[in-house]
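Notes follow the structure.
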Amino acid sequence: MQKNETYVLDLLHDAGLVTRPQIENARSRLNGENNVVGLLIRDGVVSEADVSRTLAGQAHMDWIDISMMVIPPVVIRQIRAEDARRFKVIPVAFGESGLVVAVGDPLDIDTIDSLSFLLQREIELICTSPAKIREALIKYYGTAGEAADILQEKLGADVDLELELEKGAAVEGDETDAPIIRMVSMLLIEAHRVGASDIHLEPLDKKFRVRFRIDGVLQEMQAPPKRLQSAIISRLKIMTGSMSIAEKRLPQDGRIQVKIKKKPIDLRVSTIPTNHGESVVMRVLDKSSLIMGLPELGFFSDDQETFERLIKLPDGILLVTGPTGSGKTTTLYACLNYINKPDRKIITVEEPIEYQMTGINQVQVNPEIGMTFPAALRSILRQAPNVIMIGEIRDLETANIAMASSLTGHLVFSTLHTNDAPSAVARLVDIGVQPFLVASSVRAIMAQRLVRRLCSNCKEPAELSETELRALRIEPGQIREAQVMKPVGCEQCRKTGYRGRMGIFEIFVIDDEVRHMINKRSATLMLRQRARELGMRTLREDGVRKILGGVTSAEEVISTTIGDVS
């Protein structure tokens, strides 16, 4: 573009993309390494894409964003890697009269003629930005090291990844493995940097998709080249120290321990074979962010006061309910942290132990050797604990031991999978627990869901639509002093408008009348009506309070509580 620079600058000026003073300012700062157009792009006066679009229009050439295309391998093979790099071109498709090739500079006639002569065939040209050409060269022709460089650029600075692998796992590989090791490290660092809770590596027909779950929502990330799929998955298996790289037909599970910026991170790795290769999901467990206080969970002051009173009870069962991924385990850990004092002995029975907690005895369930929930519970009762936390009540034997423990002076925390708080009673009875045991042992049941918090940096005041007001059953009087906000999007929240999550809660406190109703096997609907009479707010009603407080959006609450019609 250098030799045509005056012509290009005139085109950009005529298109209204730059002004003469801007051109002269850039020209006055020229040095041996820059041209005027390059300086204007670097200064942000005009984008590289706008320049290439303008040139494409002048050359009567179509402009496309090739990063949005999936180019078949058979097309890529039409131009050798060394030729594609030398001419800075990418083959993208087979056209009616020849090979369709993307170029970054449509004015470089010499390169285009040389490429046509080299290929000895007709070519059809389309234009894209030089940056898209560079990315595509790495994606389709590049090495693992070059692909890792893309991730490195996004991180902005070098970050060391210190591995703490299980005994027998290979920390290092030979020189040929180094680029793959670096690429996997970059993936883990990026996931930690953006606060991902899960990393999904999914082999598709023509690409190797990478998605991070951030604040409960999957977001697609920069994908490694498809041909590196097997090498990346094998590297992750090696890092676990327990998974076989030769076995690709059966699901496998493993665990990776790493330190990122001196912070210990656990990764639970799961693989499963699919029709295009092994799919990998890694659950990210950040030990340093383990303990949340009750306010951080999302409680307003009145609910927090109620909940603090409940978890200070000397005995009984407190159940936390909700679907998978609703934050039940985090809530239980917060409860244990709140009551973890030197004068109390706390024992947990978990499958698996997600976080290590100081001062608490944690027991790992292992059914393969007979260490089941019931077996563990029978043993720990002889350890004279004050508080017991059971990861989940799944069967009658576990439920009966939990009930018996609560009736003999122990405070028991556990979880159930039910949609709302009153339904937990019916669930326990369905498991086989006698109603009188449920009535006498359960002190309270709390259902919860997670909603995304609005980004405090970019949220803006908003007004609720008539549809939202009706769906949320908000009265006009509630709006007058409210601080309703909406998501906007900024760099801090990755343009989503949300940053972090919080809980919405439904707290059902069991009183004497409710115990009498449970003994009579009253229907869940009647229990729910009684709970409402006692002042229980539904999940949606608690969500409305957080909408009016400006901490989450109406859209979040409506979508999360779609089944709450009370």
Side-chain angles (χ1 to χ4, degrees), residues 191 195-202 211-219 251-255 266-272 279-286 289-290 292 297-298 317-336 348-355 362 364-365 367 372-373 389-395 398-399 402 413-428 430-431 445-453 498 500-508 524 538-540 542-543 552 556-564:
S197 61
D198 300 277
I199 304 170
H200 295 250
L201 306 178
E202 302 163 315
R211 295 192 290 176
F212 293 167
R213 191 179 296 279
I214 304 170
D215 294 334
V217 178
L218 282 171
Q219 298 182 27
Q252 296 188 69
D253 294 296
R255 180 181 173 193
D266 269 7
L267 296 143
R268 291 216 309 266
V269 185
S270 171
T271 67
I272 190 168
S279 174
V280 181
V281 175
M282 291 180 282
R283 177 82 185 276
V284 183
L285 303 173
D286 185 351
S289 60
L290 159 63
M292 299 176 71
L297 293 176
I317 295 180
L318 176 63
L319 291 172
V320 181
T321 77
T324 301
S326 59
K328 302 187 297 295
T329 302
T330 300
T331 297
L332 289 183
Y333 278 129
C335 294
L336 296 183
T348 74
V349 185
E350 306 173 60
E351 184 188 8
I353 296 174
E354 293 194 359
Y355 298 106
Q362 295 175 269
Q364 169 78 51
V365 170
T372 61
F373 273 105
M389 191 271 269
I390 305 171
E392 181 185 347
I393 294 179
R394 302 178 180 178
D395 53 56
T398 302
F413 296 102
S414 191
T415 69
L416 273 178
H417 287 281
T418 63
N419 289 329
D420 61 10
S423 297
V425 173
R427 172 66 178 146
L428 290 170
D430 287 343
I431 288 174
I445 305 165
M446 183 176 77
Q448 71 175 66
R449 299 289 189 278
L450 293 177
V451 295
R452 290 183 292 174
R453 292 179 186 266
Y498 298 95
R501 288 191 290 176
M502 65 187 301
I504 54 175
F505 307 99
E506 180 177 283
I507 303 177
F508 179 20
T524 299
T538 66
L539 291 165
R540 179 161 287 190
D542 191 45
T552 191
E556 271 293 290
V557 172
I558 291 172
S559 63
T560 304
T561 61
I562 196 72
D564 187 355

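Below, each value reflects all heavy atoms present in this structure, side chains not excepted, and no hydrogens, waters or symmetry copies.
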Does Arg540 reach the main-chain N or O of Thr561 with its side chain, forming a donor-acceptor pair under 3.5 Å? yes
Does a side-chain heavy-atom distance below 4.5 Å link Val425 with Thr524? no
Closest approach of Val284 and Ala196, non-hydrogen atoms and distance? CB-O, 3.6 Å
Set of side chain to side chain donor-acceptor pair (under 3.5 Å) partners for Thr552, sequence neighbours left out: none
Quick one: CZ on Phe413 to CG on Leu319, what's the gap to the nearest 0.5 Å? 11.0 Å
How far does NZ of Lys328 sit from CZ of Arg449, to the nearest 0.5 angstrom? 9.0 Å
When rounded to the nearest 0.5 Å, the distance separating CZ of Arg501 from CZ of Arg453 is 11.5 Å
Please collect all side-chain hydrogen bond (donor to acceptor under 3.5 Å, both in side chains) contacts where either partner lies in residues 419-428, sequence neighbours excluded, each pair once. Asp420-Ser423, Asp420-Arg528
Heavy atoms, side chains only, cut-off 4.5 Å: are Ser279 and His200 in contact? no
Distance (rounded to the nearest 0.5 Å) between Leu297 CG and Thr330 OG1: 7.5 Å
Are any of the side-chain heavy atoms of Thr331 and Met446 separated by less than 4.5 Å? yes
Heavy-atom closest pair (Ile393 atom, Leu416 atom, distance to 0.1 Å) is O-CD2, 3.4 Å
Under the rule for side chain to side chain donor-acceptor pair (under 3.5 Å), what residues qualify as partners of Thr418, not counting sequence neighbours? Thr321
Partners of Ser197 by side chain to side chain contact (heavy atoms under 4.5 Å, CB included), sequence neighbours excluded? Arg213
Side-chain heavy atoms of Pro367 within contact of Val365, under 4.5 Å: yes
Report the residues that fulfil side chain to side chain contact (heavy atoms under 4.5 Å, CB included) with Glu392, sequence neighbours left out, ordered by chain and then residue number. Arg394, Thr415, His417
Tell me, do Pro422 and Glu506 make a side-chain contact under 4.5 Å, heavy atoms counted? yes
Less than 4.5 Å apart, any side-chain heavy atom of Thr398 and any of Val349? no
4.5 Å side-chain heavy-atom contact, Met282 and Leu201: yes
Over all heavy atoms of both residues, which pair between Ile431 and Asp395 is shortest? Give the atoms and the distance, please. CG2-C, 3.5 Å
So CG of Asp198 and CD1 of Ile214: to nearest 0.5 Å the spacing works out to 10.5 Å
Looking at every heavy atom in both Arg452 and Glu556, which two are closest together, and how far apart are they? N-OE1, 2.8 Å
Might you point out which heavy atoms bring Pro323 and Gln448 nearest each other, and give the distance in Å? CD-O, 4.5 Å
Is the shortest side-chain heavy-atom distance between Val281 and Ile199 below 4.5 Å? no
Identify, with sequence neighbours excluded, every residue that meets ring-ring contact (aromatic ring centres under 6.0 Å, His included) alongside Phe505. Phe299
Restricting to non-hydrogen atoms, name the atom on Ile445 and the atom on Ala421 that form the minimum distance, rounded to 0.1 Å. CG2-O, 3.5 Å
Could you walk me through whether Thr560 and Leu450 pass the side-chain contact (heavy atoms from CB on, under 4.5 Å) test, one step at a time? CA-CA 8 Å; Thr560 304; Leu450 293 177; over 6 Å; no
